[in-house]
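Since the structure comes first, as structure tokens, the remarks are kept for the end.
Note that the structure is predicted; figures quoted are calculated from it, not measured. In this chain, residues are counted from 1 in sequence order.
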Amino acid sequence: MTNEDEHYNGGSLWLSLVSVLSCLLLACSYVGSLYVWRSELPRDHPAVIKRRFTSVLVVSGASPLFVWAWREFTGIKMAPSLLAIMGIRFEGLIPAVILPLLLTMVLFLGPLMQLAMDCPWTFVDGARVALDPCFWILCLSDMRWLRNQVVAPLTEELVFRACMLPMLVPCFGPATAVFTCPLFFGVAHFHHVIELLRFRQGTLSGIFLSAVFQFSYTAVFGVYTAFILMRTGHLVGPVLCHSFCNYMGFPAISAALEHPHRHAVLSFYILGVLLFLLFLFPFTDPSFYVPPTPLCTLDFLSSPLCLAAP
């Protein structure tokens, strides 16, 4: 190994260490902000939610400063603006709003069909409710709805994807960064264990298994939204997909197995997964979103994640 190789490997290791520690500090800041308020109330109480809104929005608003400080400290050059690197840009915005959300709805084809079969409303009834301003006023006044559908998707995608991916791509490359970034997101959700233990909501083993399960599916979901951000170069897609998945919840597979029309429901589950895999790369083709997407200009321009289809 030449001196030049040793210098490069040493610099790469240093960059990786700084990037990982920066992401870890950002994740700890986000989770820690939830506990700056001392309260004996559970996490779903409106007063607790309002206080946490304040601290989380402050940390999220300051999170781009982490990326800026990391860039200044490491000397990484970014040709696009910092906001563009984070997925906040106007080029290709319309497909970025539509295609990732449509792709996610395809994945949830089974649960959506199951919901449609069990819903007592007709399509016209549902449309009337969706277009009724009173319905949205009620939603916006519900602290849990605001948290699950607006604040959590926006702040978590901003902090755990838009701010962390730019710090991980230069040292790990796009593909590895997509799988590394969600680990911080999954670990961050372990703080729910504190709530469960504090209010004794289950046995110790049950709480532990719940935490492991939550870490697993949040990490997998994080890979998906990081992939979308990497391919499309837009933050809006991951935010909308996150909000939709929060609304749908984890697929009720056990209920599907016991459904009166389980063969039809399960067929839609399988069809949804197959169509999702079929459309995953075409729907996120960077050519729809004005390539090259900003994140892919940081490094590894030849990565399959960053290349538009021929």
Side-chain angles (χ1 to χ4, degrees), residues 30-31 34 42-44 49 100-119 126 139 142-157 159-161 178-179 181-197 199 201-229 237-277 279-280:
Y30 185 92
V31 175
L34 301 174
R43 65 185 293 267
D44 287 335
I49 295 175
L101 181 58
L102 183 59
L103 178 65
T104 308
M105 293 176 72
V106 168
L107 177 61
F108 278 80
L109 183 61
L112 285 171
M113 292 304 299
Q114 185 176 346
L115 190 63
M117 289 179 180
D118 296 339
C119 183
C139 288
D142 184 344
M143 290 296 103
R144 292 182 64 181
W145 187 92
L146 272 177
R147 179 192 63 193
N148 296 338
Q149 308 307 136
V150 180
V151 177
L154 179 60
T155 59
E156 289 179 0
E157 293 304 320
V159 171
F160 290 94
R161 245 70 72 186
V178 162
F179 286 94
C181 183
L183 297 179
F184 297 97
F185 183 58
V187 170
H189 279 74
F190 268 110
H191 77 90
H192 291 307
V193 174
I194 299 174
E195 301 275 349
L196 296 175
L197 290 173
F199 293 99
Q201 297 176 355
T203 63
L204 186 61
S205 60
I207 291 173
F208 175 76
L209 290 175
S210 175
V212 171
F213 176 71
Q214 188 173 41
F215 168 79
S216 301
Y217 79 73
T218 51
V220 171
F221 174 77
V223 170
Y224 174 54
T225 55
F227 175 86
I228 291 174
L229 179 57
V239 171
L240 292 176
C241 293
H242 194 145
S243 181
F244 174 78
C245 290
N246 278 359
Y247 171 76
M248 293 298 297
F250 194 82
I253 299 176
S254 59
L257 293 172
E258 299 173 358
H259 199 276
H261 306 288
R262 61 179 175 277
H263 295 298
V265 171
L266 292 175
S267 296
F268 280 111
Y269 267 81
I270 296 171
L271 180 61
V273 172
L274 293 177
L275 289 176
F276 172 79
L277 295 175
F279 294 139
L280 179 60

(message) Suppose we screen for side chain to side chain contact (heavy atoms under 4.5 Å, CB included). Which residues come up paired with L277, at least two apart in sequence or across chains?
(response) V273
(request) Could you tell me the separation between the CZ atom of R161 and the CG atom of L229, rounded to the nearest 0.5 Å? (result) 9.0 Å
(request) Compare every heavy atom of P182 with every heavy atom of V178, then report the nearest pair and how far apart it is. (result) O-CD, 2.9 Å
Listed pairs under 3.5 Å, donor-acceptor, residues 238-253 side chains, sequence neighbours left out:
residue, atom, partner, partner atom, Å
H242, ND1, E157, OE2, 2.7
H242, NE2, E156, OE1, 3.3
S243, OG, Q149, O, 2.8
S243, OG, Q149, NE2, 3.2
N246, ND2, N148, O, 2.7

(message) Does I49 form a side chain to side chain contact (heavy atoms under 4.5 Å, CB included) with R144? I'd like the steps, not just the answer.
(response) CA-CA 7 Å; I49 295 175; R144 292 182 64 181; 3.7 Å; yes
(message) So for atom CZ, which belongs to F276, do other residues, nucleotides or ligands contribute more than 12 heavy atoms lying within a distance under 6.0 Å?
(response) yes
(message) Quick one, L280 and F227 - any side-chain contact, counting heavy atoms below 4.5 Å?
(response) yes
(message) Within this structure, what is the OH-CG distance for the pair Y224 and L107, rounded to the nearest 0.5 Å?
(response) 6.5 Å
(message) Could you work out, with side chain to side chain contact (heavy atoms under 4.5 Å, CB included) as the rule, every residue matching V150, not counting sequence neighbours?
(response) W145, L146
(request) Name all pairs fulfilling the side chain to side chain donor-acceptor pair (under 3.5 Å) condition that reach into residues 263-274, sequence neighbours left out, sorted by first residue then second. (result) Q114-Y269
(request) Measure the OH-OG1 distance between Y30 and T155 for me, rounded to the nearest 0.5 Å. (result) 3.0 Å
(request) Just jot down the salt bridge (Lys or Arg N to Asp or Glu O under 4.0 Å) partners of D142, sequence neighbours excluded, or say none. (result) none
(request) Check whether more than 12 heavy atoms from other residues, nucleotides or ligands sit under 6.0 Å from atom CZ of F108, and answer yes or no. (result) yes
(message) With rounding to the nearest 0.5 angstrom, report the OG1 to CG distance, T218 to L183.
(response) 10.0 Å
(message) The criterion is salt bridge (Lys or Arg N to Asp or Glu O under 4.0 Å); which residues satisfy it with R262, sequence neighbours excluded?
(response) none
(message) Return the CG to CD1 distance between L103 and I228, rounded to the nearest 0.5 Å.
(response) 6.5 Å
(message) Holding to side-chain hydrogen bond (donor to acceptor under 3.5 Å, both in side chains), I want the full list of residues that pass it with H261, two or more places apart in sequence or in another chain.
(response) none
